[in-house]
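Worksheet for the structure shown next.
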Amino acid sequence: MKIYVNTEHLVNAIEYPKRFRSDNLIKSSTTIFFCILLFLLFFRPFGVYDPELRMHYLLICFFHALAPAFILFAYFRGLNYFRGRKAASRWTLMKEFFHIAVLLILMGAVSFLMRDMLYNNPDNWSWRYLFEEVRNCLVAGVFFYFFLRLASFYFESKKGSPSILQFVPVPVTAEDAADPCLFISTQVKQDDFQLDIKDLLFAKADGNYIELIRVKDDRVITEVKRISLTQFEAQLAAYPDFFRCHRAYLVNMFRIEKVTGNSQGCLLSFRETDLKVPVSRKQTESFNSCYQALGNRHKP
């Protein structure tokens with residue numbers, strides 16, 4: 001019997017997790033430190049031979065908890081620095097799993113290097129103990145990772161963070177396509193322009209400018225206009241099919257082909273281009289409401 005595993009969600013772009021961002025790293029590292037410390041103190045999960053200990057077991061637990069917390073902080077601090085130098089650095093679940101695996105192997109290697117300081121054993125530098133330290137970090141680390149992910153998901157759900165509902169593209173009727181041309185006024189009269197709003201996929205904020213991503217004759221065109229996204233949104237207020245899904249994005253709901261993502265973030269896809277538009281968590285519930293309103297309007 002052939003087994004099919006859908007791996008699409010592993011490679012879809014998602015929002016970079018807040019727990020790995022530089023401004024949250026101290027909090028994440030502190031959480032890891034106390035979780036590991038309590039786990040080692042209360043469960044003594046791995047074999048400990050008391051005569052080999054060079055210091056009190058409490059201190060040994062302290063160092064075994066401190067090292068992973070510091071490695072986590074240093075690793076993602078460096079990763080964030082290199083990600084910041086890339087203009088379009090995608091993040092996926094597969095990337096996250098890869099970095100977690102590398103992180104756990106590093107933690108195991110550091111635990112091995114600390115053995116001479118913690119244990120009085122002539123075989124401290126053996127391949128056997130290297131394998132044991134890396135193995136123990138991988139086993140315990142995978143457990144902690146998924147436990148913390150489940151805990152994070154639980155607390156997010158307690159906050160009432162909604163998920164994107166099942167999405168089916170909204171059909172465009174003749175009534176929707178009527179009167180597509182709209183005059184957009186800017187602060188500078190010579191920059192005013194006409195816009196065929198039915199061809200607009202989305203608008204992206206760029207300071208006091210916006211980028212208009214639209215389709216013309218089956219070609220995707222990007223235009224830069226001197227107007228803020230807030231001013232642009234105000235002039236489209238009469239058209240409920242345009243929705244501010246993110247502080248930097250305004251999207252044409254009729255043009256959305258697909259919605260992907262998970263609790264870490266959702267992305268909107270279009271048939272005409274590979275470009276994606278994020279939906280912020282704050283706007284998820286409003287996005288659902290807007291979509292449902294449009295769907296109800298188009299029910300036969």
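- The number of heavy atoms from other shown groups lying within 6.0 Å of CZ (R271) does not exceed 12.
- In this structure, R54 contributes its side chain and D116 its backbone to a donor-acceptor pair below 3.5 Å.
- Screening K204, R214, K216 against E223 for a salt bridge (charged side-chain N to carboxylate O under 4.0 Å, His left out) leaves a single residue, R214.
- Applying the 6.0 Å contact sphere to CG of D123 captures more than 12 heavy atoms from other residues, nucleotides or ligands.
- A distance below 6.0 Å separates the ring centres of F62 and F33.
- No more than 12 heavy atoms of other residues, nucleotides or ligands sit less than 6.0 Å from atom CG of N208.
- Judged by distance alone, with hydrogens and angles left aside, the side-chain atoms of N120 form no donor-acceptor pair with the main-chain N or O of L53 at under 3.5 Å.
- For N124 (side chain) and N121 (main-chain N/O), a donor-acceptor pair under 3.5 Å exists by modelled atom type.
- The number of heavy-atom neighbours closer than 6.0 Å to OH of Y75, taken from other residues, nucleotides and ligands shown, is above 12.
- Under the 3.5 Å distance criterion, the side-chain polar atoms of E272 are left unmatched by any main-chain donor or acceptor of V220.
- Taking the six-membered ring where the residue is Trp, the centroids of Y129 and Y119 are separated by 6.0 Å or more.
- Annotation for R21: atom CZ counts as buried by contact number, over 12 foreign heavy atoms lying within 6.0 Å.
- Checked by atom type, the side-chain pair Q283/S280 shows no donor-acceptor distance below 3.5 Å.
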